[in-house]
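A quick write-up on the structure given underneath.
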There are 2 protein chains.
Amino acid sequence: MSRPTMEDVAKRAKVSRALVSLVMNNSPQVSDEKRESVLRAAEELGYRPNLAARQLAKRRTQTIGVLVDDLRNPFFGEVVDGIEAEAADHGFTALILNGHRDARRELDAVETFLQFRVEGMALVGPRVGDDDLARLGGATPCVVVASGSAHPGVDTVTTDGRWGAELAVEHLASLGHTRIAHMDGGSNVSAAERRAGYRSAMQAAGIGDFIDIRAAGDDEADALDVIDELLSEADPPTAIFAFNDLLAAGALNRLDDAGVAVPGEVSLIGFDNTFISALRHLSLTTINQPKLAMGRLAVGTLLERLSDGSGEPIRHTLKPELVVRGTTGSPSNGSARPDGPPGPHRT
Amino acid sequence: MSRPTMEDVAKRAKVSRALVSLVMNNSPQVSDEKRESVLRAAEELGYRPNLAARQLAKRRTQTIGVLVDDLRNPFFGEVVDGIEAEAADHGFTALILNGHRDARRELDAVETFLQFRVEGMALVGPRVGDDDLARLGGATPCVVVASGSAHPGVDTVTTDGRWGAELAVEHLASLGHTRIAHMDGGSNVSAAERRAGYRSAMQAAGIGDFIDIRAAGDDEADALDVIDELLSEADPPTAIFAFNDLLAAGALNRLDDAGVAVPGEVSLIGFDNTFISALRHLSLTTINQPKLAMGRLAVGTLLERLSDGSGEPIRHTLKPELVVRGTTGSPSNGSARPDGPPGPHRT
DNA sequence: CATTGGAATTAGAGCGCTCTAATGGTCTAT
DNA sequence: ATAGACCATTAGAGCGCTCTAATTCCAATG
């Protein structure tokens, strides 16, 4: 509005507008004397450069767009922390927009980013399909984090969902489980990979006959029906591998309702290692994703792409790790949870 | 960049730049014929208005800045959801920045907002002090959400922390507790209010002699030492009112470690009603804050201030509510956790 | 003393858009 | 036919900044 402009500062410091610009950009070729008087004038006026004007003149924005699938999911919060940190380290500002778990709104957000002329976009856990992504992105570099994409126009930073699923199944199998069911991620983009890992690990463990995949989702609420369904079977599974921690938490709720002891009667394992899984009273065994590293790497990828331009799609795949906590144990020892790792559940 | 400009579109559609501008702004005074050919040309070129240029020319940004204390705290996520929704309803874009639980970084973020020339700022749970706030804000309207501020230059949307604290204490007192301790929010801005509520409710309940306030904080980790301290007392409290859910979760962990039954030996109550408190295995009794409503109201306040300008500071204070779950019960019934009220599922 | 070179400073042309005022065209009322 | 009214369209002056090229200044040099 009526905020002071560079012109005002120039007048007050009795120098040219150009000199003020130099000072504001920390140019070394300004005499200390003038620099100081410009800074003083700016201070006195409460001057702040107008970013829009600067961006327009500079023809770059030093800005990256960060699209977050769901701000309420702490998993994404941590990834974004990593993104912001790395972006800041390289002089970029991260603009955060919320996808609200909805592909249409994601597209809107991307549109907004493009109008902002962000220099790159990091899509964290997007739901939108590959084609839309590539089409929309156009010339703007775009990295997908934690969701995988096969499209050549899009770089990715993911954890190896297949590997993670295998870790989960191996862990359960090594405890002696055979009837291991998978509550999958439904339409979530990462679901297929983890499903595949589950399948192959079940085969590898020689219990391929027990493969049992149930369509669920990625939110607590998505677990309820599936658990009911599983419990009503003649031979219910002794272990469940859930698509993510939230889903596992929902499962835990429902198992609890049904009076099923965890891990006494059913073992449960999640995915993500969000902070809720560490809460002692959940104490959820899970698969860790290195969230901070993923965020940083995402920005790294973007910068690489910015300076490089063309070339092969970049695919960073980080290794997930098994985090054993209190919701997994040997099958059918019938009693309350064994000592094992920390965190006794109630009976 | 080398993206198409309005000029390009104008040329291709064989009209003036001004006409393209009118079309892009949905002006009614454009003939259908021309409108269509402009839109077609824009489509073909993949034209997108340059927001920086538009903002510069318009001399307004239609943008509000949202500063979030901590993206990993689900409480804030929900508030932001409300803010975004209301902002969108009024044609504003919400720019989200992360405060990282650090006053200095908050100030940086505010600085960034001002450079962006946001038309208003919503600070969600800020840690920065009143004076800095008012000084920095300057002419830009600023609403503080969930953190209270006494400064006349700043509007606020809060839940009544005093009232909430009273609800908590009354609940515990009505269960028969007298030795009710308060793990307070430490330096958190909302801490004082809840502390005061705790005090007055203790007095009102005739158990003022048992007032016991322990400096803690607002994060899980902050609970550990305090719990140790409390448990080592000669006469440990039979109930604890924690500053927020995260702190309560941390307390729960520690109590668990120490083999103390909740609510058998100690009742525990949190604040915020974040989704983690609803997780069945925590099942935390807590005080609800209407997060979505707070977010929407924040934007409402900002808009009001924008059209109104001067005037008294606006203070919206919403009423919190008690949400009884499984971590509170009568004192010293010695046994394991009772069932608690049925199925407190969150939506 | 004129010349040179380098550093510090400035003039001025955009960046891509909006907005006011002016233009031209068409349609009625006189 | 003429004026007026009204509409769609356009010219052009900014918005607040950056950046290139030009200018000024001054000390050092031959």
Side-chain angles (χ1 to χ4, degrees), chain A residues 1-39 41-42 45-63 91 93 112 114-119 139, chain B residues 1-39 41-42 45-63 91 93 112 114-119 139:
Chain A
M1 243 353 88
S2 56
R3 290 187 140 284
T5 81
M6 200 166 253
E7 191 71 48
D8 299 328
V9 177
K11 240 175 238 151
R12 182 172 250 262
K14 301 203 197 326
V15 297
S16 71
R17 201 179 59 249
L19 215 228
V20 178
S21 172
L22 290 179
V23 172
M24 287 302 154
N25 289 282
N26 289 313
S27 162
Q29 55 169 346
V30 181
S31 69
D32 287 352
E33 180 199 10
K34 298 264 176 181
R35 176 189 307 281
E36 202 157 315
S37 83
V38 165
L39 287 178
L45 292 173
Y47 169 75
R48 264 173 255 284
N50 180 321
L51 259 187
R54 168 181 289 198
Q55 292 176 349
L56 190 57
K58 264 213 164 89
R59 253 145 304 174
R60 51 175 309 197
T61 57
Q62 298 261 74
T63 278
T93 300
T112 302
L114 293 178
Q115 296 194 3
F116 264 110
R117 298 294 189 267
V118 297
E119 298 185 25
Chain B
M1 232 51 30
S2 56
R3 291 187 136 284
T5 80
M6 199 165 255
E7 192 72 47
D8 299 326
V9 176
K11 241 176 235 149
R12 181 172 251 265
K14 301 202 198 322
V15 297
S16 70
R17 200 180 60 248
L19 218 225
V20 178
S21 173
L22 289 179
V23 172
M24 288 303 155
N25 290 281
N26 289 314
S27 162
Q29 54 169 349
V30 181
S31 67
D32 288 351
E33 180 199 10
K34 298 264 176 181
R35 176 188 308 279
E36 202 157 314
S37 82
V38 166
L39 288 178
L45 292 172
Y47 169 75
R48 263 174 255 284
N50 180 320
L51 223 46
R54 170 182 288 200
Q55 291 176 350
L56 190 57
K58 265 213 162 93
R59 251 147 307 173
R60 51 173 310 196
T61 57
Q62 299 259 76
T63 278
T93 299
T112 303
L114 293 178
Q115 295 194 2
F116 264 110
R117 298 294 190 268
V118 297
E119 299 186 23

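Below, chains carry the letters A, B, ... as their sequence lines are ordered, and counting in each starts from 1. Predicted model, so just to flag it, every value in this text is computed and none were measured.
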Closest-nucleotide 5' rank along DNA chain C - winner of Gln29(A) and Ala53(B): Gln29(A)
Angle of first-five versus last-five pair axes in the helix from dC1(C)-dG30(D) to dT30(C)-dA1(D), to 10 degrees: 60°
Residues Asn50(A), Thr5(A); criterion side-chain contact (heavy atoms from CB on, under 4.5 Å); working and verdict: CA-CA 8 Å; Asn50(A) 180 321; Thr5(A) 81; over 6 Å; no
Spacing between Leu22(B) atom CG and dA21(C) atom C1', to the nearest angstrom: 14 Å
Of residues 10-18 of chain B, the positions that come close to DNA chain D - non-hydrogen atoms, cut-off under 4.0 Å: Val15(B), Ser16(B), Arg17(B), Ala18(B)
pair Asp32(A)-Glu36(A): side-chain heavy atoms closer than 4.5 Å: no
side-chain contact (heavy atoms from CB on, under 4.5 Å) evaluation trace for Leu22(B) with Lys34(B): CA-CA 11 Å; Leu22(B) 289 179; Lys34(B) 298 264 176 181; over 6 Å; no
Closest contact, heavy atoms only, Pro4(B) versus Gly46(B): CG-O, 4.0 Å
Side-chain donor or acceptor of Arg59(A) paired with backbone N/O of Ala57(A) under 3.5 Å: yes
Contact list for DNA chain C against residues 31-38 of chain A - heavy-atom distance below 4.0 Å: Ser31(A), Lys34(A)
dT18(D) phosphate, OP1 or OP2, under 4.0 Å from Asn25(A) side-chain N/O: yes
Earlier contact from the 5' end, DNA chain D, for Ser21(A) and Lys58(B): Lys58(B)
Beyond-backbone contact of Val23(B) with Val20(B), side-chain heavy atoms, under 4.5 angstrom: no
Rounded interatomic separation in angstrom, taking CG from Leu56(A) and P from dT18(C): 12 Å
Heavy-atom pair with the smallest gap, counting every atom of Thr61(B) and Glu119(B): N-OE2, 3.0 Å
Within-4.5 Å side-chain heavy-atom neighbours: Arg54(A) and Leu51(A): yes
Which atom of Lys58(A) lies closest to which atom of Asn25(A), heavy atoms considered: NZ-OD1, 3.3 Å
Whole angstrom value for the distance that separates P of dG16(D) from CZ of Arg117(B): 9 Å
d(CZ, Arg48(A); P, dC15(D)) in whole Å: 21 Å
Whole-Å gap separating C1' (dG16(D)) and CZ (Arg59(B)): 10 Å
Rounded distance (Å) that lies between atom P of dT18(D) and atom CD of Gln62(A): 12 Å
Whole angstrom value for the distance that separates P of dC17(D) from CG of Leu51(A): 10 Å
Met24(B) versus Ala42(B), closest heavy-atom pair with distance: CE-CB, 3.7 Å
Full working for side-chain contact (heavy atoms from CB on, under 4.5 Å) between Arg48(B) and Arg117(A): CA-CA 9 Å; Arg48(B) 263 174 255 284; Arg117(A) 298 294 189 267; 3.9 Å; yes
Spacing between Leu19(B) atom CG and dA11(D) atom P, to the nearest angstrom: 10 Å
